[in-house]
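What you see is a predicted model; the values in this text were computed from it and never measured.
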Amino acid sequence: MSIRETQAWKALEDQLESGMRDIHLKTLFQEKASRFEDFSLHAAGIQLDLSKQRWTPEVRDNLLALAREAGVPEGIQRLLNGERVNRTEDRPALHTALRLPRDAKLEVEGVDVVDAVHTTLDKMETLVDKLLEGQWRGATGKPITDVVNLGVGGSDLGPLMVTSALPDFEANSAHEIATHFASTMDGSQLADFLGWLNPETTLFILSSKSFGTIDTLSNASTALDWLAKRLGGDENLIKRFHFVGVSTKPDKMTEWGIDPANQLLFWDWVGGRYSLWSAIGLPIAIRVGMDNFRRLLAGAHAMDEHFRTAPLEENLPVQLALIGIWNVNFLDIRSHAVLPYDGRLKHLPGYFQQLEMESNGKSVTNDEAVVDYSTCPVIWGEIGPNGQHAFYQLLHQGTQPVACDFLAPVNRYNNVEDEHFRGDLMAQHRLALANCFAQSRVLMLGDDAVKSDTTPPGYKRYRGNQPSSTMLFDSLNPATLGALIALYEHKVFVQGVIWDIDSFDQWGVELGKQIATETEEIIATQQGLDSLDDSSRGLIESIWRGQRDA
């Protein structure tokens, strides 16, 4: 049965047609002065304000009923207990197990996964400590100073986002290690690094769940050639001193030439976009140290426990998911902007793009029926102050409805030692917060955000009524960042349960990879062109002509 046939869905449709479709946010605030109290939640160091969303307590009640009819409470327990919630691949989705404390117990099909997780974490800590103590030396005996992570998708976006977000928590070690990221298959990022890195002191991390990702292996091959040309000697020796592998496939890592001592494992039940908590997070641990990496895990675990135990009415991931359902499926808002007011979170919108759109960008239910409702909206965004000078014009005066998430830390720069400098920086943070709150207020109220006795001309009018959520956290630290990421992970899962889709597979990316492999063979051999469509043939012939004439 389609979720649209449930009693709760029909009740929500009735509410929509009884006035909620066109009601303005300013009216909702006029009708009830305590909206902030009614729609504000706290957990794991995060405050979530949903009062600027276009809903009422009655709408929320019906959304909660929808969640119960869809089996969300049971789904939460299945996820956290390690049941096979990834139906098309017939396996659990156990990223939450990666952040369980050492003394926890979780048996999945007869195996205690917690022990395996902490065995890998301990090995990871050994590698990290060796690097940070200057004890990891390259083939010529010099200590490693630079680490380049070669990965794509979840093997890149998560570690890149977290390391960029936590510069204030860099590892306190006598030996400094710089971390870099190369993901593009065209080699542009890697080519830049190889132009100035020292091959004697550079270590590469090959991060690939399957250890077959063409993007990553192409970059690895180029990196190996670069090292071999400049260092000379045995390639096997270079691989032993200058490469670490992170994968679910130890045999493939060994076959490539990575020493077993330099291999870190994770498991098939960890989806790529959920893998930063695993050994894929090695670049994070190198940047911030294992103590702070464990704090990141602990913050996520705190949100996991809240997700497990809090009633649906007080459950942050559930409430965030439900307002998304209301916006997408009832208010017909198919665009969602993530707007952090903290420059350290510059990669957060890109990270959430993969988390949400690869998870819930589906159009077939778990029973293989084509859905008759919308699923995941388009996720995009930018650092808020930058966005104000780029696309906020559309948010305020354009024709597209967009739901927005505003994110900001309450405190920043408190630990800056220079008092005068600290005051300047804290004033700048205050300015950022003022802009964050002002923008969400204008999106909500439009012209009514400013009292005026005159009516402005049409080109200066603000319609308002753009819904938004605001998330505040005391400060941006490993624990609050971990909780924030877990909050969105669980939101995605709840929406997947309601939409009756598998949030943990990604078959939509597989066909493109297959066709790309076949197309690359045609470009390289100049054989098989007749099997392609007219457009593809014309484009490939243009490449051949251009490369001949170059």
Side-chain angles (χ1 to χ4, degrees), residues 120 123-156 159-160 163 175 177-185 187 189-266 272 275-276 278-287:
T120 292
K123 184 174 182 180
M124 186 172 160
E125 184 165 13
T126 299
L127 296 182
V128 169
D129 289 347
K130 187 176 178 181
L131 281 163
L132 295 180
E133 291 167 3
Q135 297 303 311
W136 190 303
R137 298 180 181 273
T140 62
K142 294 183 179 180
I144 295 297
T145 59
D146 292 88
V147 173
V148 182
N149 188 75
L150 305 179
V152 70
S155 298
D156 171 77
L160 174 63
T163 54
H175 184 69
I177 300 285
T179 54
H180 316 279
F181 295 86
S183 61
T184 56
M185 70 170 65
Q189 294 166 314
L190 191 61
D192 176 47
F193 296 142
L194 301 188
W196 54 269
L197 286 173
N198 181 352
E200 293 182 274
T201 61
T202 300
L203 178 75
F204 293 91
I205 303 172
L206 272 64
S207 294
S208 172
K209 181 176 180 179
S210 66
F211 216 77
T213 308
I214 189 64
D215 316 52
T216 302
L217 293 182
S218 294
N219 277 326
S221 178
T222 299
L224 178 59
D225 287 346
W226 175 75
L227 288 168
K229 183 176 181 180
R230 284 155 179 79
L231 299 181
D234 184 356
E235 275 196 2
N236 291 327
L237 190 69
I238 291 172
K239 290 177 180 178
R240 192 170 83 197
F241 287 104
H242 291 272
F243 286 91
V244 170
V246 184
S247 179
T248 63
K249 307 294 184 184
D251 293 344
K252 287 188 177 182
M253 287 192 284
T254 300
E255 181 182 351
W256 194 88
I258 293 178
D259 191 300
N262 297 348
Q263 297 177 12
L264 292 172
L265 301 179
F266 62 112
S275 63
L276 71 86
S278 72
I280 289 291
L282 178 60
I284 302 171
I286 294 170
R287 177 73 66 89

Report yes if some heavy atom in the side chain of [X] is under 4.5 Å from a heavy atom in the side chain of [Y]; otherwise report no.
X	Y	result
Ser218	Met185	no
Trp226	Leu190	no
Leu127	Met124	no
Lys249	Asp251	no
Ile286	Ile205	yes

Under 3.5 Å: donor-acceptor pair, side chain of [X], backbone of [Y]:
X	Y	answer
Gln189	Ser183	yes
Asn219	Thr184	yes
Thr202	Asn198	yes
Ser210	Gly212	yes
Lys239	Leu224	no

Open item on the list: Checking Leu217 against Phe211 for the side chain to side chain contact (heavy atoms under 4.5 Å, CB included) test, could you report, in this order, the C-alpha distance in whole Å, the side-chain angles of both residues, the deciding distance, and whether it holds?
Closed with: CA-CA 8 Å; Leu217 293 182; Phe211 216 77; 4.2 Å; yes
Separation between [atom1] of [X] and [atom2] of [Y], rounded to the nearest 0.5 Å:
X	Y	atom1	atom2	value
Thr248	Leu264	OG1	CG	13.0 Å
Ile144	Phe204	CD1	CZ	9.5 Å
Ile280	Phe266	CD1	CZ	4.0 Å
Asp146	Glu200	CG	CD	12.5 Å
Leu150	Thr213	CG	OG1	11.5 Å
Asp225	Arg230	CG	CZ	10.0 Å

Give the minimum heavy-atom separation between [X] and [Y], together with the two atoms involved.
X	Y	answer
Pro159	Thr163	O-OG1, 2.8 Å
Ser207	Asn149	OG-OD1, 3.1 Å
Leu265	Met253	CD2-CE, 3.5 Å
Asn262	Phe243	ND2-O, 3.4 Å
Gly134	Pro143	O-CB, 3.6 Å
Arg137	Phe241	O-CD2, 3.4 Å

Open item on the list: Do Thr145 and Thr201 pair up side chain to side chain, a donor and an acceptor below 3.5 Å, judged on atom types alone?
Closed with: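 Per modelled atom types, Thr145 and Thr201 side chains form a pair under 3.5 Å.
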Open item on the list: Pairing donors with acceptors under 3.5 angstrom, does anything connect the side chains of Ser208 and Thr216?
Closed with: no
TODO: For the residue pair Phe193 and His180, categorise the inter-ring angle as parallel (less than 30°), tilted (30 to 60°) or perpendicular (more than 60°).
DONE: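 Tilted.
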